[in-house]
Structures are given as structure tokens and as C-alpha cells.
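Have a look at the structure below before the remarks.
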There are 2 protein chains.
Amino acid sequence: MMADDHTEAEALEPEARPADPRAEAFQGVREARRNELAEDYVELIAELIHEHGEARPVEIATKMGVTAPTVAKTLGRLARDGLITRAKYRSVFLTEEGRALARECQQRHEIVLRFLLSLGLDPETAERDAEGIEHHVSERTLALFAAFADRS
Amino acid sequence: MMADDHTEAEALEPEARPADPRAEAFQGVREARRNELAEDYVELIAELIHEHGEARPVEIATKMGVTAPTVAKTLGRLARDGLITRAKYRSVFLTEEGRALARECQQRHEIVLRFLLSLGLDPETAERDAEGIEHHVSERTLALFAAFADRS
DNA sequence: GATGATTATTAGCCTTGTCTAACTTGTCGC
DNA sequence: GCGACAAGTTAGACAAGGCTAATAATCATC
């Protein structure tokens, strides 16, 4: 789903209001930003389940560095979007979709982290930067990162 | 939830509610996110001024891929935060602070872009990814990127 | 210099993501 | 089996960042 752009580019796609190459990039970034939080939550939930057998809101709040009500509201959105299931006053579980997303995110995170480390970055900074960068690397870039990290 | 660790780690830092290393990373990312939009605008405004001698809202809207009212509201915030000056129905100018921020962002953008290109990424994808990544690279990482790009 | 098109602003709505304060539930200890 | 305390939820505020619709100013251009 990329490149090979077709001759005209106008009138064919009724998609939004691109018009400008830079505009498309910014729209892509905004799109990515909208999913960042969900990805972070899902990734963390998967990790907690893996480590403790369950994911509880209080743990999520601590690890994310936000308050409990913020977690509650966000979990409501994740449930609405079909990424998690939950019963009142109980811990949180991932749906199949949530699990798939978590897997994908963990993989991306791991590659970005490994790449940064292989560049010579200290582990702490690498972790922090990976957290921010992972949501903004395309498949293509990710592949290059992985190749570089492996070849080092 | 045991995880014992930490002998003390409590009571020493009155700064916010970190408590967890991961929490600090996430808070850092959230912090970065808050500045992203301002950085994108300031960078674009500087570019427009450089190219056309002035930055007009309609141009900003086109390049950013948003509507004119969104631009107006955002410019209001930038003005409030001391990054730009503007008179009603006139074009936009950067303050000294805004100019400094723009310079910094352009430099970061350029380094990230050059780095991605030197990795072998195609220019189009590199541009898109740089747009997303540039706000999340620490000084340390940036230095490594620059060194790598130069040494390639 | 009137007028129509372009550009800019204002008003008002919506969602996200954050918070504090107050309330409810669950769990343990005894 | 009751009570305290921790965990979870609800309510309500607020700012950011989007949008559409409607209004106002500027500018071409005749």
C-alpha cells in the first residue's frame, strides 16, 4: 500500500484534504498520536499480566505515572474500542485484538530499543527514547533498525 | 504485587509522583507531546517566512493539513505562550523565543532526516518518520545520530 | 470607489486526557 | 461477621486540539 503513486492523484481519492505532501505527513503524525496512549496501555497491561498474572488499575496508574481516575476513564475508552474487557472492581484483560496490538507494540519497542543500544546509547536514555520513538517508526524504518541492530 | 526491591527510594524526591522508573519515562513522553504541536507550527512558520517573506494562516493551514479556525486557535495559544506575535488579519511573526525554538527544531529535524537517509531509507518515508521522531530524541541520541550520519 | 472573492476570526460543539474530591466496593484481620 | 484500609468508580472541572457554520476584514479589479 505504498509508492507506485498513480499519475493524477487528484479527484481519485476522496480521502480528507491532503493537497500538500507535508500536510499528509502531519496528518499521519496526528493519526499516530491518537493511538499512542492506547498502545502504551495495552503494552503495559500485557506486561503486567505476564508478570503478575493480572493487570490491576492501581498498578497501571503507578507505572504510567497518572492518577487512578485517569486510568479508569482511559480503560473505559479501551473497552469501548474493543481492546480490553473488564468487570467492575476487577482486573483488566486483553481481547484478542488487544493482545495482537500488544504483541506488535512489544516487538516494535524491542527493536527500537535494541537499535538504540547498538548505536551505543546508555540503557536508561535508550529506554526513555524508545518509549517516545516507537510509535512513529514506519515498517520500513523498523526493518532497517532491526537489520542494523542484528548486524552490529 | 511484591517485587520487594527499593530499600528506601521514598521520601527523598518530592518531585511529582514518579516512584517508578517507567512512570518517569511516560511522563517525559507526555511532556514532549505537549510541545510537539507548538514545535511543528514554529518550525513551519520559520520556513514560510524564509521562503515567502511572511507566514499567513492560510498557508499554515494547508501545510499542516488542518482547517483555518484550528490554525487561528493554535496561533492564539502560541501568542499567549510568547512564541509569536500577530496583529488581526495580518501575517504571523516569530518572537526571539520562537525563533530560537524554530532553529533548534530545524536542526533536530535535519539531523534525524539525514540519519534516516544515511541508514538507507527512501526520502519520502524518511521525511514522514522524521516528522514524528524528531520530538522524541534526547540530546544524547541526537548526537549519536549526527555522528553516524556524518561517518557514513 | 463599489463589489465579489479570498482570507481571517468568532462562536460553538466534540473528544481526549488530565486532575481533585467524594463515594462505593472488596479484602483482611481479628 | 464487622470494620478499616486499600482499591476502584463517579462526578465534575479544565485545557488542548479538532471541526463546521457564520461573520468580518482585506484585496483585487474593474
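Below, chain A is the first sequence line, B the second, and so on; all start at residue 1. From a predicted model like this one, the values you see are computed outputs, not experimental measurements.
Applying a 4.0 Å cut-off to non-hydrogen atoms, the residues of residues 69-82 of chain A that approach DNA chain C are A:P69, A:T70, A:K73, A:R77, A:R80, listed by residue number. For the contact set between residues 85-95 of chain B and DNA chain D, defined by any heavy atom under 4.0 Å, the members are B:Y89, B:R90. The stretch residues 37-58 of chain B comes close to DNA chain C through B:R56, B:P57, B:V58, each having a heavy atom under 4.0 Å from the strand.
Rounded to whole angstrom, the span from the CZ atom of B:R33 across to the C1' atom of C:dT18 amounts to 12 Å. As rounded to whole Å, 9 Å separates atom P of C:dT7 from atom CD of B:E59. If you measure from atom CD1 of B:I84 to atom P of C:dA8, you get 13 Å, rounded to the nearest angstrom. In this structure, CD of B:E36 is placed 13 Å from P of C:dG17, rounded to the nearest angstrom.
Partners of B:H109 according to the ring-ring contact (aromatic ring centres under 6.0 Å, His included) rule, which considers only residues two or more places apart in sequence or in another chain, do not exist here. Applying the ring-ring contact (aromatic ring centres under 6.0 Å, His included) test to A:H135 and every residue at least two apart in sequence or in another chain returns nothing. By the side chain to side chain contact (heavy atoms under 4.5 Å, CB included) test, A:A79 is found to be paired with A:I84, A:R86, residues two or more places apart in sequence or in another chain being considered. Judged as a side-chain hydrogen bond (donor to acceptor under 3.5 Å, both in side chains), and not counting sequence neighbours, B:E139 has no contacts. For B:D122, the side chain to side chain contact (heavy atoms under 4.5 Å, CB included) partners two or more places apart in sequence, or in a different chain, are A:R140, B:E124, B:T125.
Here A:T141 contributes atom OG1 and B:I133 contributes atom CD1; the two are 6.0 Å apart, rounded to the nearest 0.5 Å.
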*Assess whether ring pair (Phe, Tyr, Trp, His ring centres under 6.0 Å) is satisfied between A:F26 and B:Y41, documenting all intermediate values.*
CA-CA 11 Å; A:F26 281 126; B:Y41 268 75; 8.3 Å; no
*Mind running side chain to side chain contact (heavy atoms under 4.5 Å, CB included) on A:L119 and B:F145 for me, showing each step along the way?*
CA-CA 8 Å; A:L119 260 185; B:F145 279 12; 3.5 Å; yes
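Salt-bridge formation is detected for the pair B:E31/B:R34: a Lys NZ or Arg NE/NH1/NH2 atom is positioned less than 4.0 Å from an Asp or Glu carboxylate oxygen.
Other residues sharing a hydrophobic cluster with B:V58 under the 4.5 Å side-chain heavy-atom criterion for ILVMFWY residues do not exist; the residue is a singleton.
For residues 47-61 of chain B, the side-chain hydrogen bond (donor to acceptor under 3.5 Å, both in side chains) pairs, not counting sequence neighbours, are A:R22-B:E47, B:E54-B:S91.
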Run the side-chain donor-acceptor check on residues 96-106 of chain B: report pairs under 3.5 Å with partners two or more places apart or on a different chain.
unit_1	atom_1	unit_2	atom_2	d
B:E96	OE1	B:R99	NH1	2.7
B:R99	NH2	B:L94	O	3.0

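When A:E39, A:E36, A:E131, A:E43 are each tested for a salt bridge (Lys or Arg N to Asp or Glu O under 4.0 Å) with A:R108, only one passes: A:E39.
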Check nucleotides 2-5 of chain C for protein N or O atoms closer than 3.5 Å to its own N or O atoms and list the pairs.
none

